Structures are given as structure tokens and as C-alpha cells.
Amino acid sequence: MTLLRTIAEAREHVAAARQRGLTIGLVPTMGALHAGHGALMRRARGETGFAIATIFVNPAQFDRPDDFQKYPRALDTDIAFCDRLGVDVVFAPDVKEMYPGEPLTSVEVAGISSRLEGEFRPGHFRGVATVVAKLFNIIPADRAYFGEKDAQQLAVIQKMVADLHVPVTIVPVPTVREPDGLAMSSRNQRLTPADRRIAPALYQALCEAERLIRGGARSAAEIKQGGLALVARTPGLQVEYLELVNPATFHLIETITGELRIVAAAWLGGVRLIDNLFVSFR
Ligand code: AMP
């Protein structure tokens, strides 16, 4: 496996792979890799001839400087992780390489970027869409892999790719969970042992909302209340939102008629958790 630190090297390696007739699979990450990232890498390995993972903690997508500072970084173990999974190349640029000067250009996917996560993390999705657009320009991949764990991010990227005619297929990958249901996340390592034990309550609230839907409930307010009642019994877990949304636009749904996502965010100690469930029924 090859570790690359510069944009020029990344372009060269991808061009050489293309010349060999290989399809390119891209897995953008911020590192501190876990089995969730592993699932994306496995898919890329299985579906393309050349899998490239990027590791870059993108300052532009952090709305709070302390979150950027405290974000876990573990490049050496991440490289070993990618190697074990059979990734061909890791591209891990530093901030100066990705942002050599003060940028005046950004990509904004309007509407969807200002709801829910966007409302609680102003500028977050502009930072995400911009860095992913930059990565697509550096690494012209055939397929790019994104986790459903970050469902709103996935929707933002899908809309950006459609609107800008980026010639890449976005592949959504289901959320990988711990045995107790907690969605895997690099931020989980910042939970205290006590908080880690109660963290699955967020997932349980989503499951409760899903259970109500499967049981015939159709009013979002009622379903939301059922999910929130469950977390209300968990001291320490402060829910920012729990909502039912259209999976593509992230508009709130009031009455359930078809597919939807139940999405939630909560604070636990100083750590912010997000999770969601896709629900489809006839
Ligand atoms: P991050 O390093 O957190 O920016 O995540 C990089 C990619 O991995 C994103 O597309 C995430 O949605 C995805 N990802 C993170 N956690 C999980 C998980 N538990 N299951 C599936 N994909 C995940």
C-alpha cells in the first residue's frame, strides 16, 4: 500500500491506474478509522480495481474550534488499517496542501444544508461539500463511498454531484454498529466509560420511533414524542433533535406516507452523537 501526501502524487497514481484500465474507488475519511470506515473500504475494494482512501481532518467543516482540536488523529494505525483491508493508496494531505491560500471559492448545496445538522452546525455542509468537490477534482473516481451514518451529508453530496454533473457514482453504505446498537464513530472514543454505557439510548429512541411506525402510527408528532420519551429516561443525554424527514431533501415530514429517515442528534458529556434509521413500508 502506498502513502501519498501531495496532490501531484495523488493525481499521478490515479492517472497511472486509469492507464492500466482500472476503475477508481474513492473513500473519503477524516481518519481515526473503525469498522464503519472498513465497510466502505471493503465495498470499494470489491467493486473497483483501485481503491484510494483519503485521510484529512478538514478544518473548514468544523463549526467549533475545540471539536477540530480534539478530533482524534491516529495516522500510523490508520495506515496499518487501510493496508490490512487491501486499500491500494492512502492520500493523507496536510492542511497547507489542501488549502494553500485563503480560499474564496466554496460549494453550497442550498436548502438541505441549512436544515437539522446544518442548523445546529452552521457552515458545516459548506465545508463538507467544498472539500469533497476538491477531492473529486484531485481524484477523478468512478465510484465514491459514503456512509448512511451521516445521512444528511450523503444527501448533500448526492445533490451536489447531480447539480454539478460530477461524473462519479455515489455509493451509500449501511451504518455499522457496535453490538449494543451504538453507531460506530471516531468521536465515540471521547466518551467516558459511564457515558459509553448510556450512548446506545439514542439508537433505542430511533428504534422506538420505528416500532411505532410499524405498529401503524402515522403522525410524526406522536412518533417523535414516543422516541423522545425513551431518551428522557436517560440522564445526561441531551437530545438536540429527533425528526422524521424525506431521505433526499431532509424536509420534515408531518404525516407518513412512504419512505423516510428518522434522524437524531444528542450531546453526551462534551461529545455530540448523530444517528438515523431508514424506514420504508407500503
Ligand atoms: P468520517 O471519517 O467520520 O468523516 O467518515 C468517513 C466516512 O465514513 C463517511 O462517509 C461516513 O458516513 C462513514 N462512516 C462513519 N461512521 C460509519 C459507520 N458507523 N458506518 C458506516 N459508515 C460510516
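Quick caveat: nothing in here was measured; it's all calculated off a predicted structure. When a ligand or atom number is given, it counts from 1 through the structure's own listing order.
For ligand 1, residues of the protein lying within 4.0 angstrom by heavy-atom distance are Pro28, Thr29, Met30, His34, Gly36, His37, Leu40, Tyr71, Phe146, Gly147, Lys149, Asp150, Gln153, Pro174, Thr175, Val176, Met184.
Checked for salt-bridge contact, Arg272 and Glu117 meet the test: a charged N lies under 4.0 Å from a carboxylate O. Salt bridge present: Arg64 and Asp66 bring a charged side-chain N and a carboxylate O closer than 4.0 Å.
With Phe81 as the aromatic partner, Arg42 does not meet the cation-pi criteria of under 6.0 angstrom to the ring centre and within 45 degrees of the ring axis.
Contacts classified as salt bridge (Lys or Arg N to Asp or Glu O under 4.0 Å) and involving residues 149-177 (residues at least two apart or in different chains) are given here: Lys159-Asp163, Arg177-Asp275.
Considering only residues two or more places apart in sequence or on other chains, Asp63 meets the salt bridge (charged side-chain N to carboxylate O under 4.0 Å, His left out) condition with Arg121. Looking at residues two or more places apart in sequence or on another chain, you find a side chain to side chain donor-acceptor pair (under 3.5 Å) between Thr192 and Asp195.
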